[in-house]
Number of protein chains: 2
Amino acid sequence: MRHMNHLHRHLHDHWGKHLHERMHAMGRGHGGHGGHGPFGGPFGDGFGFGWGGGGGRRRGRGGRARRGDVRAAILALLAEEPRNGYQIMQELEQRSQGLWRPSSGSIYPALQQLEDEGLVREQEGGTGRVFELTDAGRQEVEGLDEEQRTPWEAATEDAGDEALDLMSAFKSTAAAAMQVFRAGTAAQREEAKKILLDARRAFYRLLADEPPERTKK
Amino acid sequence: MRHMNHLHRHLHDHWGKHLHERMHAMGRGHGGHGGHGPFGGPFGDGFGFGWGGGGGRRRGRGGRARRGDVRAAILALLAEEPRNGYQIMQELEQRSQGLWRPSSGSIYPALQQLEDEGLVREQEGGTGRVFELTDAGRQEVEGLDEEQRTPWEAATEDAGDEALDLMSAFKSTAAAAMQVFRAGTAAQREEAKKILLDARRAFYRLLADEPPERTKK
DNA sequence: ATGTCGATAACGACATATCGTTGGCGTATC
DNA sequence: GATACGCCAACGATATGTCGTTATCGACAT
């Protein structure tokens, strides 16, 4: 109950000074994000097989979100219903199928800024820090086009398709499985097991139908 | 500036012996959803699967530490040098080879209690909340035997339990995927990717269709 | 048109705290 | 001596914030 003051000495320091003018047509391009867990990846290093070829090495993705995506995402989600910072993070993770989970280091400063700009406000009477749009905020959202209103899909777009390499596909699927295991109900876990075993069956069929060597079919 | 005061309004609430008036300040808001599977341990955050080598769980049951381990570990580590809560967590993770990382939900309440008991004290002048032993604390450490002084080593002892059922589904699927990765043709890998992404989609649909209990207000 | 440069958004790591739930284990009971 | 009971420590999830570093992308120069 004494100290800790230093912790919030400057809430607005980091990127707190805000000039209004932003959110313009960000020309397409990469979105997504790749890294997940705090570990470099048990599937990357843990397996130890180089699997090096594959074509494009460090694949274009893996980059971070575009410059305004967090802001736009927050506005879009709050346009649906009031939420707190943590819920925003969770919701974005789910909507992007686990590909984009902005960290607290992105969300909270952004919320701070939006509050300063008067686009969001802390809901009164709430239990924690639940934010809702102001009128100005609602107006801002209206000025966004469809793509800007759903920045989480940018993460799935390219990433979910061709550009994604195998390892990333594996990782993201594993992450999805963990989600179900951890947050799901017993019934959901049961379903998840079926999905996994179906996938396994599909893999083996793959190998059987089109063997890498000999035994043509 | 405003908020955050509530964060430490009652530092001693949770399991302080002498609980004074308990109020929920900000707590609540959304009950922390239903019981989830016991997937703690190695699968904590970023799925640190130990397959491929080490692995092994915690002492016997489920994987939880024994009853005074956190407390003893803190005392033992602070006997070496002053540290903050986060550093204690990290140090324990390292010393147990990644098998035991007490969560903040264990560390901070324990530090609180130790402070109340007068065994540790917050170092003055430090930048954050750095704790050091008091004389009483040093004495307490001396009363511990070798094993109590190194609770992190108990985590390295192994015991296999079930729940592997679910995991084995995952593992065998992963093994199948690896087969394809290693021995498959480019076309097969392409197919494998689709299978994985289908599975991922299925997982997320699972979560979306039957929400465990969204943290809604 | 291309390159490069700088402001700053996004990021991961660090840090702290609380809540509801679970399970370790001491004790009372059979 | 087993076991049933219950307290409370340990835990994961929730929640919010900061800091140093990295990379995006408009702007300006070439």
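Note on naming: letters A, B, ... go to the chains in the order of the sequence lines (proteins, then strands), and numbering restarts at 1 for each one. For the numbers below, each heavy atom of this structure counts, side chains included, while hydrogens, waters and symmetry mates do not.
Atom CG in Leu111(A) sits about 12 Å away from atom P in dA10(C), given to the nearest Å. Regarding Leu114(B), its CG atom lies at a distance of 16 Å from the C1' atom of dT16(C), rounded to whole Å. For Ile88(B) and dC11(D), the CD1 to P distance is 14 Å, given to the nearest whole Å. Atoms CE (Met178(A)) and C1' (dA13(D)) sit 14 Å apart, rounded to a whole Å. dG17(D) atom C1' lies 16 Å from atom CD of Gln113(A), rounded to whole Å. Distance CZ (Arg101(B)) to C1' (dG12(D)): 13 Å, rounded to an integer number of Å. Atom CG of Asp116(A) and atom P of dA9(C) are 12 Å apart (whole Å). Between the P atom of dC11(D) and the CD1 atom of Ile107(B) lies a distance of 8 Å, rounded to the nearest Å.
Within the nucleic acid shown, Gly105(B) comes within 4.0 Å of at least one base atom, counting heavy atoms only.
The rotation axes computed at either terminus of the helix from dA1(C)-dT30(D) to dC30(C)-dG1(D) lie 30° apart, taking five pairs at each end and rounding to 10 degrees.
The number of heavy-atom neighbours closer than 6.0 Å to CD of Glu124(A), taken from other residues, nucleotides and ligands shown, is 12 or below. Environment of CD in Gln139(B): sparse, with no more than 12 heavy atoms of neighbouring residues, nucleotides or ligands closer than 6.0 Å.
Listed pair Gln87(B) / dC14(C) fails the phosphate criterion, with no side-chain N or O lying under 4.0 Å from OP1 or OP2. Contact annotation: Trp100(B) reaches the phosphate of dC11(D) (side-chain N/O to OP1 or OP2, under 4.0 Å). For dT16(C), the OP1/OP2 oxygens have a side-chain nitrogen or oxygen of Tyr108(B) closer than 4.0 Å. Of the side-chain N and O atoms in Arg129(A), one or more sit less than 4.0 angstrom from OP1 or OP2 of dG17(D). OP1 or OP2 of dC11(D) sits under 4.0 Å from a side-chain N or O of Ser106(B).
Residues Arg67(B) and Val130(B) both approach DNA chain C. Their nearest nucleotides, taken by heavy-atom distance, put Val130(B) toward the 5′ side. Looking at which nucleotide of DNA chain D each of Ser104(B) and Val70(B) is closest to, the 5′-most match is held by Val70(B). With DNA chain D read from its 5' end, the first of the two nearest nucleotides for Tyr86(A) and Pro109(A) is the one closest to Tyr86(A).
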Would Tyr86(A) and Arg129(A) count as a side chain to side chain contact (heavy atoms under 4.5 Å, CB included) if you check the C-alpha gap in whole Å, the side-chain angles of each, and the deciding distance to 0.1 Å? CA-CA 10 Å; Tyr86(A) 195 82; Arg129(A) 302 246 303 148; over 6 Å; no
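Contact of Arg64(A) with dT24(D) (side chain to base): no donor-acceptor pair of N or O atoms is detected under 3.5 Å.
Here Glu153(A) contributes atom CD and Glu146(A) contributes atom CD; the two are 8.0 Å apart, rounded to the nearest 0.5 Å.
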